[in-house]
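Worksheet: the structure to be examined is printed underneath.
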Amino acid sequence: MTKPALDNHTALSAAQVAELRHYYYQMVLMRRFEERTNEMYVKAKIGGYCHLNLGEEATIVGLMAALKPEDYIFTNYREHGYILARGVAPGPIMAELFGRETGVSGGRGGSMHLFDVSKGFMGGYAIVGGQVPLAVGAAYALRYQEQPGVVVAQMGDASTNIGAFYESLNLAKLWKCPVLFFIVNNGYGMGSTVEMGSSEPDLWKKGASFRVHGEQVDGTDVLAVRDAVRRLRDHAEATGEPAILDVVSFRFRGHSVIDADRYRDAEEVRQGREQHDPLRHYATWLQDHALADDAWFATLAEQVEREVQEAIDFANAGPDPKIEDIFTYMYASPVPNTPGPEAARRLL
Amino acid sequence: MTKPALDNHTALSAAQVAELRHYYYQMVLMRRFEERTNEMYVKAKIGGYCHLNLGEEATIVGLMAALKPEDYIFTNYREHGYILARGVAPGPIMAELFGRETGVSGGRGGSMHLFDVSKGFMGGYAIVGGQVPLAVGAAYALRYQEQPGVVVAQMGDASTNIGAFYESLNLAKLWKCPVLFFIVNNGYGMGSTVEMGSSEPDLWKKGASFRVHGEQVDGTDVLAVRDAVRRLRDHAEATGEPAILDVVSFRFRGHSVIDADRYRDAEEVRQGREQHDPLRHYATWLQDHALADDAWFATLAEQVEREVQEAIDFANAGPDPKIEDIFTYMYASPVPNTPGPEAARRLL
Amino acid sequence: MTTITYRQALNSTLGEELERDPKVLLMGEEIGIFQGSYRITEGLLQRFGPKRVVDAPIAEEGFVGVAIGAAMLGLRPVVEIMTINFILVAIDQVVNHASKIHYMFGGQVRVPLVIRTPSGGTGQLAATHSQSFENWFAYCPGLKVVAPATPYDAKGLLRAAIRDDDPVIFIESLALYDTKGEVPDEDFVVPIGVAEVKRAGHDVTVVAYSRMTAVALQVAQRLAEEGISVEVVDLRSLRPLDRPTIIASVKKTNRAVVIAEDWYSYGVTAELAATIQEDAFDYLDAPVQRVAGLEVPLPYAKDLSAAAKPSAQSLINAIHRVLHGTRNNHG
Amino acid sequence: MTTITYRQALNSTLGEELERDPKVLLMGEEIGIFQGSYRITEGLLQRFGPKRVVDAPIAEEGFVGVAIGAAMLGLRPVVEIMTINFILVAIDQVVNHASKIHYMFGGQVRVPLVIRTPSGGTGQLAATHSQSFENWFAYCPGLKVVAPATPYDAKGLLRAAIRDDDPVIFIESLALYDTKGEVPDEDFVVPIGVAEVKRAGHDVTVVAYSRMTAVALQVAQRLAEEGISVEVVDLRSLRPLDRPTIIASVKKTNRAVVIAEDWYSYGVTAELAATIQEDAFDYLDAPVQRVAGLEVPLPYAKDLSAAAKPSAQSLINAIHRVLHGTRNNHG
Ligand SMILES: Cc1ncc(C[n+]2csc(CCOP(=O)(O)OP(=O)(O)O)c2C)c(N)n1
Ligand SMILES: Cc1ncc(C[n+]2csc(CCOP(=O)(O)OP(=O)(O)O)c2C)c(N)n1
Ligand SMILES: [Mg+2]
Ligand SMILES: [Mg+2]
């Protein structure tokens, strides 16, 4: 951690201590959730494309720590950790990855399309940059209805090269939409570096053509991320001014679970994992500030292990959606002549 | 004109004088061509959508004066003046507006889709911003083949809000494509002001997110435009660095010939036409520098009148494309089973 | 009942719905200060102010996405896309988001969005400004696609669309804006997904929608004088497609011509002909005839432009073909 | 002849064409350093360098436009779009520019561009990553659209596409990449616009393309054991559509099933059924049966996902229906 966020921890209330520990809990939970997700994928319990948040734990927990219940979040396809840290139970998330009716999206979405409207977690999108205008639209609706809150448009570094992102910056600024453009800068879009994709590789400067303020923060420092988001979030809420936060992190593995990561130097990856491991950093920090000891870490590890196993058990136990329900959710307002169960019968 | 570009005109060669006079000729030709185009539209000789360059004569002539034969130009739909100033004969241009086989695009394109490959005039596009990536691609091809030249991507102020423009800025910079993003800033996209559409209304700054250099120039000053383009053009050719030129001009009439321009204040328009008339400015300048006198202006007016009339006569005389030729130009490489004349017969 | 134009039907409905529901807002290019490229939104900015009538920059992908996101939070945006040709830059948002959000996320949020846009083209608008893409949208589950042909249906379907909780693509036609018809004064809706027999007949069924319904009705009138009785089925909705109404008509007349302004191959008429042969095969006395656009980027020149689009005459020819059993020849 | 995979056929052809013509270049996301998302471009960056094998940012609209512009100046770009789902953000460039430039400007420049992309989807890729849009491209005059089903056709059609002076949309399939087949060692092309009878038969014609051709051939094999003789017509090109080959087959067998992986309504099978009823009406003993995808955004859950896509079994059912004259019921 670059700067210890805490100088005089003796002044901390019990609630504050609990909160600081809770961040660590969330980071470990995410770590183990993703590791076991990888395992479940290999066991063919999970299918499709599957992208993990390993290495991005501080980025995500820091973000969620700063958001309020009235805020909304739109993400890309690498979002397991986001919905977890937003407070959705691990069971229904794992169940979604398993494609169960008990999953957060009823098994219809899968890894890339997690959703929980009750938590303001608005998905899980897989067209690069496509979620960004949606997030601006949600912020637009907040303003229109004079509601509190802001909206987070999460995206990857390589996604900042697509037109939808730029159009969104312009519209958000023009229409005073309180959006935080949250760029998870893990240095790669699949195998491409930031420099290969962006003529302006300082991603926080990409608001310059739109008068949108930008900042960079160390994404392996959970407190730094939290504090930066808090500041930008509150400013956005108060003024309707959007902002960019360029959150630098390190991608621990390949782009997705099936990517062998051959294009990165093995040594570079090994070092990166060591130097940029957000959990290790934060654990040390907690210890240095006497906020946690070995016993606490050990108990926590056990607890998380159990919780993730319970999530897997929950997912395993859940029923598959029934084929006769394939047209359920098709339309919100039913109208005549919609293809329905007969069409299913007929084609199958 | 803000700054007289000429202090000691006695030093001018005959060729230089001729050139300075030629600019004026081109501007008058454009003015009359467009005025008569409007008349022909009202007479239903011309159909479809039709956008005039009235008020933009200095912008266009200044641009073309700076370009070299090896350069390419891609424009939007408001392009009559560009192809004219590039040196294409008025007859085939007017014939295209009339939809004749003798038109520059064989009558297939019309007002919005003029083209003359022999002059590097690469169209005439009507999807806002869509021509911009094409221009970058042409510049890409020049570099790939190690050819001299640059490419102009002409567009309007309101077109700077679409994603294709931003993606183009990034690609051009990243791939070292010698493109000049030539923004004709006439203050309006139909009825919308620049401020309504762009959170950064200083359009020359829109390269800031891409490390693309930008400048602004007075589009009613033919010499200023020429000099700015020359500089940016030569730099682009030498280095592969793209640039933005924000060329400020005044739109004399409505957006297209059928737009009554009701949303603009009549007095503002009247004043604008007076203050920002590029022809009047340049005529004064020529007189002030003793480069032209009343007799010259009078002769020129007559000559232009005749030329435009000849263009109209040429257009009138041209044959309409034959219906049996409707599938001509369909494919460059013929393949079996293409819908052809039989399909025409069958459907008609 | 009052006689109004198709444009007035749209304009008044937008005004009424803005009045009725504060969550309804209009968004689009030049719909406010300019009063709408085709004056569909005339006067509405003045009446409802810039919060409800939003002039958008030329950034279709962006503002269509914004409208979808806003709809997910409960607003009911009615977006104008100046003409359907310009929706291509925004189609990713429509197809990959608007059409899928309700289903893909297990029914958790709705997307009550309307996208209004004129399709097709007459009057030499050339290759990029004369296209029809309603078949593309009709192809996509999750969307509803309507295409009214009369002021009555325009009003009734626009109301239904705005009140519907799913994304509705609302197809208009430049050539219909000035056409007139009777419209009830009271609140009514035309149900989405239901076709209408606009004229009864017994010799041949013509299936059409939007401007081609108007052409079909003219042709039916003309052919009546020749003693040919044409039944005109106006689809009104392309998705869902009201197959029962089409099939019932063809089972009665035993002959069908299907017409659309779009390109011939892979266009709307393909689905119509396929559907009819599928569900009314034994009732058909001749193959279903398709009438559609020539497969060229629409040329500008007047004669070519006219020749490339289906016309009353091409419909009449097809009706004669189907009545006399003349075969097509794709040669 | 050598037996290679569909992937190898594509990869080797790209290499050969890069070798043959310095104006050919490859462009796309992750095709270089990453070696291609589906390894179609493996080894080519190493062999030809970054000038010929260009890793592009995620800006499909931009780089597809760049490729079109470069093609107008004589280069011959072969663009990879990672999957067809991502072409929606670039479709404006393809449809409003690539398809129209030659015609709209009176034949002054050509657009020798190939866009390669896999369509369809198996394996729970969910709603936004499993779609088929080849019908959209096939709808557009000015484009050519091919969709090979075998390594032989993949090689022959890719060569033809790269050497063709028009924009060609080259449709691949993830599920075919590992399939094997014999391919001649010498230079050959498969002509664009020409279908092939991949298996002769006399009881029923199955018309298919891409992965569905492979399914049809399996089914034909299985049904042969039951004594049903299936003729399989592999379209290979969707635009131009080889109607004569389809019609000749149906005139022989008198029964047809058409199959595609895309959605049922307004999909490729609509055009095929419409065409057959149009040109072989009197030869048909039963309505043409369509087999296609269920009209839902593809759900992720394994069983639902599988149920929504056409299968060997659904094809067999359709063949039985068409042989025994069972009628559809759209209810
Ligand atoms: C429009 C579009 N193009 C391409 C893809 C394929 N794709 C999925 S993720 C990805 C890389 C994105 O990288 P980045 O934005 O940095 O996010 P990260 O995966 O590193 O979190 C690509 C190219 C896509 N989903 N959508
Ligand atoms: C993608 C797209 N959206 C909308 C339009 C309709 N349209 C044509 S011109 C225009 C205004 C463009 O203004 P500007 O770029 O300033 O150019 P100007 O006409 O002033 O020269 C609009 C909205 C279009 N052609 N393409
Ligand atoms: Mg990344
Ligand atoms: Mg303008």
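Hydrogens, waters and symmetry mates are skipped; everything else that's a heavy atom, side chains included, is used. Note on naming: letters A, B, ... go to the chains in the order of the sequence lines (proteins, then strands), and numbering restarts at 1 for each one.
- Residues D:Pro299 and C:Tyr103 approach most closely at CG-OH, 3.6 Å, considering heavy atoms.
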Just do the side chain to side chain contact (heavy atoms under 4.5 Å, CB included) check on C:Thr275 and D:Arg290 with the steps written out, would you? CA-CA 10 Å; C:Thr275 285; D:Arg290 289 195 268 173; 3.5 Å; yes
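- Put simply, CD on C:Gln277 and CZ on D:Phe281 are 9.0 Å apart, with the number rounded to the nearest 0.5 Å.
- Both the backbone and the side chain of C:Leu284 come within contact range of chain D, judged by heavy atoms closer than 4.5 Å.
- If you tally non-hydrogen atom pairs under 4.5 Å between each of C:Val89, C:Ile247, C:Val296 and chain D, the highest count goes to C:Val296.
- Taking both residues in full, the closest heavy atoms of D:Ile91 and C:Leu88 are given as CG2-O, 3.7 Å, listed atom of the first, atom of the second, then distance.
- For chain C, the nearby parts of D:Leu238 are the backbone and the side chain; heavy atoms of each come within less than 4.5 Å.
- At a 4.5 Å heavy-atom cutoff, C:Val94 makes no contact with chain D through either its backbone or its side chain.
- Summarising the geometry of C:Ala274 relative to D:Ala270, their closest heavy-atom pair is CB-O, 3.6 Å, with the distance given to 0.1 Å.
- Atom CD of C:Glu271 and atom OG1 of D:Thr269 lie 7.5 Å apart (nearest 0.5 Å).
- By the 4.5 Å heavy-atom criterion applied to side chains, C:Pro297 and D:Pro141 are counted as neighbours.
- Contacts from residues 254-263 of chain C to chain D, taken as heavy-atom pairs separated by less than 4.5 Å, involve C:Asp262, C:Trp263 in sequence order.
- Here the side chains of D:Glu295 and C:Pro240 are not in contact, with every heavy-atom distance at 4.5 Å or above.
- No side-chain heavy atom of C:Cys140 sits less than 4.5 Å from a side-chain heavy atom of D:Tyr266.
- For residues 126-137 of chain C, the interface with chain D (any heavy-atom pair closer than 4.5 Å) comprises C:Ala127, C:Thr128, C:Gln131, C:Ser132, C:Phe133, C:Asn135, C:Trp136, sorted by residue number.
- Of the listed residues (C:Ala138, C:Gly142, C:Gly267, C:Ala273), the one with the most heavy-atom contacts under 4.5 Å to chain D is C:Ala138.
- For the atom pair CZ of C:Phe86 and CG of D:Asn96, the computed distance is 8.5 Å after rounding to the nearest 0.5 Å.
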